[in-house]
Chemist: 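Can you keep this structure in mind? I'll have questions shortly.
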Amino acid sequence: MGKQDILWGIAPIGWRNDDMPEIGAGNTLQHLLSDIVVAGFQGTEVGGFFPEPSVLNKELALRNLRIAGKWFSSFIIQDGIEKTAEQFTEHCDYLQKVGADVATVSEQTYSVQGLDIDVFKKKPHFSDEEWDTLCQGLNRLGKIADEYGLDLTFHHHLGTGVQTAEEVDRLMDGTDPRYVHLLYDTGHAYISDGDYMTILNKHMDRIRHVHFKDARFDIMERCRQEGKSFRQSFLQGIFTVPGDGCIDFTEVYRALVRHDYSGWIVIEAEQDPAVANPLEYALIARKYIDSELLDPAN
C-alpha cells in the first residue's frame, strides 16, 4: 500500500467509541478486525474494549494484522508525575506485549472534550508553571516508553490545553526530542486553526505517528456557530474519513513522503457507526488512498 516504510492502519473508533461505550457496543473485536482486513489495512490501534495481550495477539495473527499503538490519558498537571508514570508503565507493558510501535499521550488536565461545553470557544489553558510541569513529566514518560521499545507520541487535541499550533510549538520547544515525539492529526489541526500544513511542515522531524482525519466543512461551521461540545460535534458528523470531507490529503501525503516519513498513517474519524457504517467508510478511505495518494499517475 505505498511506500515500503509507511504502514496504513485504521482506528477502532469508527466501530466502537471509548468515551461513549454505548455507541457501537454490538461490534465485537472479531467483527472490527475482520472489517479491517476486508478494507485492506495493515493494522489498527488498541481500543478500550480490547482484551488482554494473549487473546488479542491470537486474533491479530489469524488476520495478519498489527497494532500501531494506544491512547493514554495523562493527568500530569492534575495528579503529578509519579502516579502518572506508574499508570503509563503498565500502559507500555501492554503495548510491548502486543507488538506496538507508539504510545500516544494526551494531557487531559482541564480537558473539556468529554464535557457538555463549547469546544470551539472554551478550551483550557495552562499557566507557565503548568507548562513546565507538563513538559518535564512528558520527558519522564518518554524515557519510560523508550525502555519498552516504544515512541511516545503526543496527540494535540480539540478541547485540551495542547490544541493549537502555538501550543504544539510550546510543547515541542519544552520537551526533549529524544523522548517526546508528535502525533500529527489533520482533523484536529484543521478544526482548531483552519490550517493543517503549518504543524506538519514546522515539526516534521518530530512526527512519529499520523492520523488522517477528514472534516465536513458545513457541519463544522454549524457546530461552531451553535457552540457544540466535542461529543455533540462528532455525533453530528463533523469528522469523516479521507475522501469524504474538505481536507486535501494529497498535499499532506506528499510532504510526508518528501521528508521520508517512516511509520503509521492511521485513518481515524469519530462517527456513530449506526449512522456511518464502519466498513463502508473504511472502504471509502481505502479507495481514496489508492486512487489519490498511491496511484503513480498522481
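Hydrogens, waters and symmetry mates are skipped; everything else that's a heavy atom, side chains included, is used. All figures in this text were calculated on a predicted structure; none of them were measured in a lab.
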Chemist: Kindly indicate, with the supporting measurements, whether the criterion salt bridge (Lys or Arg N to Asp or Glu O under 4.0 Å) is fulfilled by D218 and R222.
Modeler: CA-CA 6 Å; D218 56 338; R222 185 173 72 242; 5.4 Å; no
Chemist: Less than 4.0 angstrom from a charged side-chain N to a carboxylate O is my criterion; do K228 and D118 meet it?
Modeler: no
Chemist: Ring of F75, cation from K83 - is the NZ or CZ under 6.0 Å from the centre and inside 45° of the axis?
Modeler: no
Chemist: Between K213 and E268, does at least one N-O distance fall below 4.0 Å, as a salt bridge requires?
Modeler: yes
Chemist: In terms of side-chain geometry, is the basic nitrogen of E82 or R140 positioned less than 4.0 Å from the acidic oxygen of its partner?
Modeler: yes
Chemist: Have H156 and E167 got a donor and an acceptor in their side chains that come within less than 3.5 Å?
Modeler: no
Chemist: So, T164 and E166: side-chain donor and acceptor under 3.5 Å apart, yes or no?
Modeler: no
Chemist: Please determine which of N17, T240, D272 meets the side-chain contact (heavy atoms from CB on, under 4.5 Å) test together with F234.
Modeler: N17
Chemist: Answer with yes or no after comparing the ring centroid distance for W71 and F50 against a 6.0 Å cut-off, counting only values under it.
Modeler: no
Chemist: Please tell me whether F230 and H157 form a close aromatic pair, meaning their ring centres lie under 6.0 Å apart.
Modeler: yes
Chemist: Between N201 and H259, is there a side-chain donor-acceptor contact under 3.5 Å, judged purely by atom types and distance?
Modeler: no
Chemist: Could you check whether H155 and E107, counting side-chain N and O atoms only, form a donor-acceptor pair closer than 3.5 Å?
Modeler: no
Chemist: Angle between ring planes, Y253 versus W8, binned at 30° and 60°: parallel, tilted or perpendicular?
Modeler: tilted
Chemist: State whether a side-chain donor-acceptor pair under 3.5 Å links Y110 with E130.
Modeler: yes
Chemist: Show your working on ring pair (Phe, Tyr, Trp, His ring centres under 6.0 Å) between H188 and H211 and close with a plain yes or no.
Modeler: CA-CA 9 Å; H188 286 283; H211 281 173; 8.3 Å; no
Chemist: Salt-bridged, D101 to R66, with N to O below 4.0 Å?
Modeler: yes
Chemist: Would you confirm whether R216, through its side chain, and F239, through its main-chain N or O, come within 3.5 Å as a donor-acceptor pair?
Modeler: yes
